[in-house]
Amino acid sequence: MSNPLANELDAILATPAEEARTILTRLGVPASTLVSRGLACSSPITGEVIGHLAESTQADVEAAIARADSAFLEWRQVPAPRRGEFVRLLGEELRAAKSDLGRLVTIEAGKIVSEGQGEVQEMIDICDFAVGLSRQLHGLTVSTERPGHRMMETWHPIGVCGVITAFNFPVAVWSWNAALAFVCGNPVVWKPSEKTPLTALAVKALVERAGKRFGGIPQGLCEVLIGARAVGEALIDDERVALVSATGSTAMGRAAAPRLAKRFARAILELGGNNAAIVAPSADLDLALRAIAFAAIGTAGQRCTTLRRLIVHESVHDKLLSRLKKAYSGVRIGDPREPGVLVGPLIDDPAFKGMEHALSEARSSGGRVHGGGRALADRFPDAAYAHPALVEMPSQTGPMPRETFAPILYAVRYRDFDEAIAIHNDVGAGLSSSIFTTDLREAERFMSAAGSDCGIANVNIGPSGAEIGGAFGGEKETGGGREAGSDAWKSYMRRATNTVNFSSALPLAQGVSFDVEA
Ligand code: UN1
């Protein structure tokens, strides 16, 4: 059936591929970067190919790491506030390019316009944060037991930082790592997801612009590698890469972690989440409903912080679920560039199949599925649009304990608060969590040592949409890494403990005496 509004919009909007190419040129990516063979870059909006990129060969990886390694020798000597000035300029470039880069995120990752713009805003925010930090990379002085001595901690740049990012936050996650790495004195070698390499190249062009305005940055300070798993593995296994920050699935982290451990490299892992919200009897349901909808349906369920499990008190369960079903059925799915659309496409067909598989498993485990299934198949035959699904589960079984990277929200009932916490924590992942309650005791218990076991525990807001001021990451199968705010910068530096004797005696610690005749 033809939809007149959709047809009209089709006429106004250029195809994603046309738009992407125009934006890339405007952002300074040479047209010759797109070649006729190699890695196909497509837009999930229509499934059409935007262009191809030459994949980095082993020799390219080797050369990029070598350049980064020599950039390190230079960059670590630049005073940190001066390094901050470079990041300030990068923030300026991002401000100027926000609308274009955000649009490219929409085209390449499929998120709606305001989320694409929001992702670039997150980059700007972390740049601002890092600029301030560049004047506060502070150590401690520590009281020493030895007279005439001073003991202190000094923080030094750690070396080349490898950053592996996922398709769903194709640029922001790089910036959380890179802005800190740069001010901390480190070069960055970035392997973006092979599903979203164009946004990475656009960011690299902006880094180069900032570098020129800075008066030149060392060659190799910001490298981008194009390719899939083999490229990531080369980065992970290279002795010159001091730290690898990797965002992706728990399966990816399980493969990466032992390889990094084998060579004692530092790892910042930000892996799967299976985030839940507890909805207590006293919850403000109007507020909870809006928060739940954004957290579960937003970004088409493809955030690592997406809300995937609802644990609802039996007294409010039916009321909340019936309102949610209504919200789910009214949500507009479509081309994420169109105003009013709240749900864009899934990244690709395997993602849709994963969703279908989880839903059929939920059905066989006694779940009642509302929604789900393919959407807009006529209009976008080569893309993967899905109706978000709400699933009433008899208990936390079937697919519910694991993460499916799609818009599926499972709901179970609880009777008492301890039971809710037990269900909440009884999954492998430990990224983000929420409670909706107006009962102070419940809120505090949820955030206490005996409450949520996640890296993020929120009250009366959903689990997604974290801002950069707080350290971001989670426990258990989420990998334990922390990026962005708070004191996450310490991961990008090595700490030296320095003890200085300014006396002419040589007292030994712990009262040890060791007198040699000299
Ligand atoms: C991710 O999905 O990998 O908290 C990161 C949020 C965002 C970041 C998500 N600021 O939802």
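Both ligands and their constituent atoms are indexed starting at 1 by order of listing. All of these numbers come straight from a predicted model, not from anything done at the bench.
Taking all atoms of both residues into account, the shortest heavy-atom contact from R482 to G474 is NH1-N, 3.2 Å. Scanning all heavy atoms of the two residues, the minimum distance from A429 to G272 falls at CB-O, 3.6 Å.
A perpendicular orientation is assigned to the rings of W489 and W155, their planes being inclined by more than 60° (bins at 30° and 60°). Using the six-membered ring where Trp is involved, F182 and W174 have ring planes that are perpendicular, over 60° apart on the 30 and 60° scheme.
Atom numbering of ligand 1 starts at 1 in the shown order; those under 4.0 Å from a heavy atom of C304 are 1 (C), 2 (O), 3 (O), 5 (C). Residue E270 approaches ligand 1 through these ligand atoms, each under 4.0 Å from one of its heavy atoms: 3 (O). Atoms of ligand 1 found under 4.0 Å from any heavy atom of N168, numbered from 1 in the order shown, are 1 (C), 2 (O), 3 (O). Per-residue contacts place F472 under 4.0 angstrom from the following atoms of ligand 1 (heavy atoms of the residue considered): 4 (O), 5 (C), 9 (C).
Residues L307 and S434 fail the side-chain proximity criterion, which asks for heavy atoms closer than 4.5 Å.
Among protein heavy atoms, the minimum distance from atom 6 (C) of ligand 1 is reached at G465 N, 3.2 Å. Protein heavy atom at the shortest distance from atom 4 (O) of ligand 1 is A466 N, 2.7 Å. Nearest to atom 8 (C) of ligand 1 among the protein's heavy atoms is W176 CH2, 3.6 Å. Among protein heavy atoms, atom 10 (N) of ligand 1 sits closest to E122 OE2, 2.8 Å. At the top of the distance list for atom 11 (O) of ligand 1, counting protein heavy atoms only, stands T305 OG1, 2.6 Å.
With no hydrogens or angles considered, no side-chain donor-acceptor pair links E477 and T250 at under 3.5 Å. Neither side chain, D439 nor S282, offers a donor N or O lying under 3.5 Å from an acceptor on the other. With 3.5 Å as the limit, one finds a donor-acceptor pair spanning the side chains of K98 and Q121.
Some N or O of R303 is nearer than 3.5 Å to an N or O of ligand 1, by distance alone.
In this comparison of F294, F405, F169, the heavy atom closest to atom 9 (C) of ligand 1 sits on F169.
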